[in-house]
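Quick note on labels: first sequence line is chain A, next is B, and so on, each numbered from 1. Computed from a predicted model, the values in this text were never measured in an experiment. In what follows, every heavy atom counts, from backbone to side chain, and hydrogens, waters and symmetry copies are set aside.
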There are 2 protein chains.
Amino acid sequence: MASIKDVAAEAGLSVATVSRALNGHPSVSPAARRRVLAAVEALGYRPNAVARSLRTDQTRTLGLVISDVMNPYFTELARSVEEEARALGYSVIIGNADERPELQDHHVTTLLDRRIDGLLLSPTDGGSPRMLDAARAGTPMVFVDRWIPGVDVPVVRSDGQTAVRDLVAHLYRLGHRRLAIIAGPAATTTGRERVDAFRAALRAHGLEVPDAYIGQGDFQADSGRRVTEGFLDLAEPPEVVFAADNLMALGALDALRARGLRVPDDIALAAFDDIPWFVHTDPPVTAIAQPTGALGRAAVRALVDRIEGRPGESVTLPARLVVRRSCGEPAPSPSPVRRSTS
Amino acid sequence: MASIKDVAAEAGLSVATVSRALNGHPSVSPAARRRVLAAVEALGYRPNAVARSLRTDQTRTLGLVISDVMNPYFTELARSVEEEARALGYSVIIGNADERPELQDHHVTTLLDRRIDGLLLSPTDGGSPRMLDAARAGTPMVFVDRWIPGVDVPVVRSDGQTAVRDLVAHLYRLGHRRLAIIAGPAATTTGRERVDAFRAALRAHGLEVPDAYIGQGDFQADSGRRVTEGFLDLAEPPEVVFAADNLMALGALDALRARGLRVPDDIALAAFDDIPWFVHTDPPVTAIAQPTGALGRAAVRALVDRIEGRPGESVTLPARLVVRRSCGEPAPSPSPVRRSTS
DNA sequence: CCTCCTTGTGGAATCGATTACACGGAGGAT
DNA sequence: ATCCTCCGTGTAATCGATTCCACAAGGAGG
C-alpha cells in the first residue's frame, strides 16, 4: 500500500508538502497542490489512519458499549449513534456486553487500548473498575439510557415517569387493580427507576404493590417467561403484567400463551420500550416509547462536545405512552367502543 | 497515559526489555520480568494498540459491512461474528450500509483506512469500485450471505433451494396454486437466487409464476407493503405471498391487515429468514430459517484463515423450513385444533 | 589462560503520518 | 542598493511501540 513517501517521490516534493496539501494547509502553492493530487490519484493513495492517530493522538473514533445488541431498542440506539457520529466525522466501534459485566469490561478495555476519543456507555451493572478508572482519568465519556450514580459523567436518558403514570392511569381506568411488574436488574438504574415510577404511580391511585407482584428479571426474554409463570402460580395472580423492557415482555407473552391465556381478555400486558414488532404481535402490545433516535443523537453530541473541549451536558427526554390492544382497550380510533364488559 | 518509556524508567530497564517481557519473549530474566510487571501494575500501563499496529502492520481487527442493522437477521449475524472473532483474538468494527451503495462504500473506505486485517462483506449491490479494488489488491476478504459473482473471494452463505422446495411442497399440499413472491433487489445474489429457487420449485409441480406475481422489493418493510398492495389489486390476487426476507414479510403483513384480510384464511404468508418475532406475530409466520450463528462463525474462520495465510474456503450451509400457522396448517403440535372459524 | 558460545540487555532504526523550525528567494519600503 | 517580510518548501523530531544488531558477562571447552 502506497505511503506518503511514495506520493512525495511521485510528485517530486517533500512529505511535508504532501501532508500540508492533503490537509488543506494554506501555505501550499496551487502548482504543488495539483502535483500532489495527481500523484495521489496515480498511486491510489489513502492516508494511513493508524499512523495519523499515533501522531495526532486522536482516532476520530467513538466507542459504544451497549448491554445487548439483539434488543431492538439498543440496535436502534446504535444506529442513530452511528449516523450522528458519521455526520460529525467520527466512526463508531460497538461493543456488545450481553448484560455480562466481564464482557463489558473486556470491551471497555480494548476500546481504551485503541485510544478511542470518547466512550458512550450503557452500563450493565454498577460499573466496572476499568470504567471508573477511565472516568476518573478524564476519558471523555457519556452514559446513555442507564447510568451510574455518583460518577461525574453526563447522562443522556429518557424519563419514563410521566409515561408510566399515564400507563397506570390507563390501566386503572380499564378497571385493573392488581398490577404486577417484571423488573430489570436492581444494579441498573433503569431497572430500579421503572419499578419506583410504577410504585409511585400506583400509590397515586391508592394502590400498593405487594412484593409478590415485583418479579426480578434481567432484561432477557427468558426471565420474563420465568417471572410471569411465577405470577400465574400465585393464589391471586395479577390482572396486568408490566414488563420493564421489550424482551421480557416477549417472554411474558410466551408464558401467557403457553398457559392458554388470552391477552387482554384473561390478563393484560404492557411493556417499557416500544419496538416496531409490537404492532404485529398478537395482540399488539401497549408500550412506553422512548425517543430512541433523539437519545442517540443527543448522546453523540454531548460526547463530541466533551471531546472537543466544550461542556457536554446531560439530557433527559420524555418517553410517551403508546396504547394498543394488549391492555383491553382498542388503540384510539374513530370507531365506537366495541366492548361491553359488565 | 503512561507509555512504555515510563514503564522502562520505573523498572530501571530499557524499553526493549519491557517490550520483550510484555510479549513473552524467552530471553528475559525472571528478575527483569518481575520488575516490569511491578512497574506496569504501579503505573496502570496499557500498551497503545495504535502504536503497535503501526509497527507490526496488523490491527487484529476485522471489518464487517452489513446491509441493514435493523434487520434481526443481520443483527444476529453481527453478534455471532463478533463472538467468534473475539474467541480468535480479533475485534470487529461494524459498518451499516442501510442497503445504500454509497454508504457501503464509505464504510469500506474508512475500514481500509484504518488498516483492518480483513473484511467481511454482505454487498448491497453489484459491488462498489472500492470493494473491487480491495479484493484485487489482496485485502483478505470474505463474502457472507450475499456475494458478487466473478470476484475471487470465498463466500459463506446458506443454500435455501431445498428449503424453498419444501415450502412450495407444503403450500401445494395445502391446496394453494397461485403463489406470488416479493423479490429482493436483482443486484443482490440473494435477491435473484430466491426467485429462481421459487420458480424452479413451482415448475416441479407443473406451475408457472406469472410476471405479475413477481413483485420487486428492496428488502425493506415498506416495499413489502407496496408490493403486497399491488398483488391485492390484481384481478386475480395470489393465494400465497412469499417474502424474500423478514422485513418485507412484515410490510406484507401490514398491508394484509390494512385491507382487513385474515391470515391464513384469506391469504397465506411465508418468509425467507426466520427470526424470534415470527413466533409472536398474528399469526406466527412460516419461514425459512438460515443457520445464522453457524454462518457468522464460519465466515470469521474463513477470513482469519486468509489473514493468517491459510487457504480460507467457501462454505454453504443448508437452510430449513419452519412451519407455523401463516400458511393454513397449524404448526406440528400434539394439541387438538382449537380454532372453529366458520 | 584464551577463545567461543550463550544469555540478557540496551541502542537505535523503523512504521507513516504531522508539524516546529530553518531557509532561500521574491517583493516592498526606505 | 539594503534590509525586512512573507511565502513556499524542506529537514528533522516526534508519537509508542517492535525488533535487528551489538555488546558485556559468564560458563564451557580446549
**Report entry** A:Gln290 backbone acceptor or donor facing A:Thr292 side chain under 3.5 Å
**Finding:**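 Side chain of A:Thr292 to backbone of A:Gln290, a donor-acceptor pair under 3.5 Å: yes, one is there.
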Report task. Look at the side chain of A:Arg192 and the backbone N and O of A:Ala186, then say whether any donor-acceptor pair between them is shorter than 3.5 Å. Result ->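 A pair under 3.5 Å: yes.
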Tell me the interatomic distance from [X], atom [atom1], to [N], atom [atom2], rounded to whole angstroms.
X       : N      : atom1 : atom2 : value
B:Asn23 : D:dT19 : CG    : C1'   : 10 Å
A:Arg35 : D:dT9  : CZ    : P     : 8 Å
A:Gln58 : D:dT14 : CD    : P     : 21 Å
A:Ile4  : D:dG10 : CD1   : P     : 12 Å

**Report entry** Residue B:Asp57 excluded, over 12 heavy atoms near CG under 6.0 Å
**Finding:**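 No.
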Query - Greater than 12 external heavy atoms within 6.0 Å of B:Glu313's CD - result: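 Count not over threshold, so no.
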Report task. Identify, between A:Ser29 and A:Leu54, the residue whose nearest nucleotide on DNA chain D lies closer to the 5' end. Result ->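 Its nearest nucleotide being more 5', the pick is A:Ser29.
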Using a heavy-atom cut-off of under 4.0 Å over every strand shown, decide if [X] touches base, sugar-phosphate, or nothing.
X       : value
A:Ala32 : sugar-phosphate
A:Asp57 : nothing
A:Ser3  : sugar-phosphate
A:Val28 : sugar-phosphate

Query - Matching residue for B:Val40 among B:Ile4, B:Val18, B:Leu22, B:Asp6 - test: side chain to side chain contact (heavy atoms under 4.5 Å, CB included) - result: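 Result for side chain to side chain contact (heavy atoms under 4.5 Å, CB included) with B:Val40: B:Leu22.
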Report task. Residues of residues 9-20 of chain A with any non-hydrogen atom less than 4.0 angstrom from an atom of DNA chain C: list those, numerically ordered, please. Result ->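 When residues 9-20 of chain A is checked for heavy atoms under 4.0 Å from DNA chain C, the hits, listed by number, are A:Ala16, A:Ser19, A:Arg20.
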Is it true that [X] and [Y] make a salt bridge, defined as a side-chain N closer than 4.0 Å to a carboxylate O?
X        : Y        : answer
A:Arg146 : A:Glu99  : yes
B:Asp145 : B:Arg157 : no
A:Arg136 : A:Asp152 : no

Requested in this report: Using the closest heavy atom to pick a nucleotide of DNA chain C for each, name whichever of A:Leu22 or B:Pro30 lands nearer the 5' end.
Outcome: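 Result: B:Pro30.
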Requested in this report: On DNA chain C, check which nucleotide each of B:Ser27 and A:Pro47 is closest to and give me the residue with the more 5' one.
Outcome: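 So the residue in question is B:Ser27.
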**Report entry** Start and end of the DNA chain C segment that chain B contacts, any atom under 4.0 Å from a heavy atom
**Finding:**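 Here the contact window of chain B covers C:dG8 to C:dG16.
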Report task. Work out which heavy atom in B:Met131 is nearest to a heavy atom in B:Leu121; give both atom names and the distance. Result ->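 What the structure gives for the nearest pair is CG-CD1, 3.5 Å.
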